[in-house]
Structure formats: structure tokens, C-alpha cells
**Student:** 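Next up is a structure, given as C-alpha cells.
The basis for the numbers below is simple: all heavy atoms, side chains too, and nothing from hydrogens, waters or symmetry mates. Along the sequence shown, residues carry numbers from 1.
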Amino acid sequence: MWMNLYGFTHNSLGMHFWELPALLAGVITLVELVVHSHKQKKREKQFDEDREERLKTIQQETTGNPAASR
């Protein structure tokens with residue numbers, strides 16, 4: 001079975017036997033990187049919005065104005 005796979009990849013596809021798993025691992029890693037970056041940007045945006053809201057609340061409490069966002 002392994003020899004048939006080796007023969008197919010080496011002779012038909014023109015690549016070495018180990019290049020298919022390496023290519024698959026590379027594609028999976030690239031997809032994970034893209035998904036992680038997208039989710040991280042969402043988390044950072046949500047964090048900034050929460051931080052701004054908290055800072056606004058703290059500023060209103062220190063100046064004595066009633067906090068409207070509670």
C-alpha cells in the first residue's frame with residue numbers, strides 16, 4: 001500500500017512522498033492563522049469598546065455626574 005502511494009505521488013504528481021502531508025499541514029496551519037487573526041481582531045475591538053465604556057463610567061463618577069450608562 002505504501003509503495004503504491006509512493007509510486008503514485010512520485011511518478012504521477014512529480015513530487016516526493018513526504019510532500020503531501022507537509023502540504024496538508026501547511027494549509028491547515030495557514031487556515032488556523034487566518035481564523036485566529038480574524039477572531040483576535042474581534043476580541044480586541046470588543047475589549048476596546050468595553051474599556052471605553054468603563055472609562056466613561058469612571059469619569060462620570062469622579063466628576064459627580066450621574067452615570068447614564070449603568
**Student:** Residues in salt bridge (Lys or Arg N to Asp or Glu O under 4.0 Å) with Arg51, at least two apart?
**Tutor:** Asp48
**Student:** Among residues at least two apart in sequence or on other chains, which ones pass salt bridge (Lys or Arg N to Asp or Glu O under 4.0 Å) with Asp50?
**Tutor:** none
**Student:** Could I get the full list of side chain to side chain contact (heavy atoms under 4.5 Å, CB included) partners for Leu20, not counting sequence neighbours?
**Tutor:** Thr9, Leu13, Met15
**Student:** Indicate every side-chain donor-acceptor pair of residues 27-39 with a distance under 3.5 Å to a residue at least two apart or in another chain.
**Tutor:**
{"residue": "Thr29", "atom": "OG1", "partner": "Ala25", "partner atom": "O", "Å": "2.8"}
{"residue": "Ser37", "atom": "OG", "partner": "Leu33", "partner atom": "O", "Å": "2.9"}

**Student:** When you compare the side chains of Arg43 and Gln40, does any donor N or O come within less than 3.5 Å of an acceptor on the partner?
**Tutor:** yes
**Student:** What's the separation between atom CG in Leu24 and atom CD in Glu19, rounded to the nearest 0.5 Å?
**Tutor:** 13.5 Å
**Student:** Could you give the distance from CD (Glu52) to CZ (Phe47), rounded to the nearest 0.5 Å?
**Tutor:** 10.0 Å
**Student:** At what distance, to the nearest 0.5 angstrom, does NZ of Lys56 lie from CD1 of Ile58?
**Tutor:** 13.0 Å
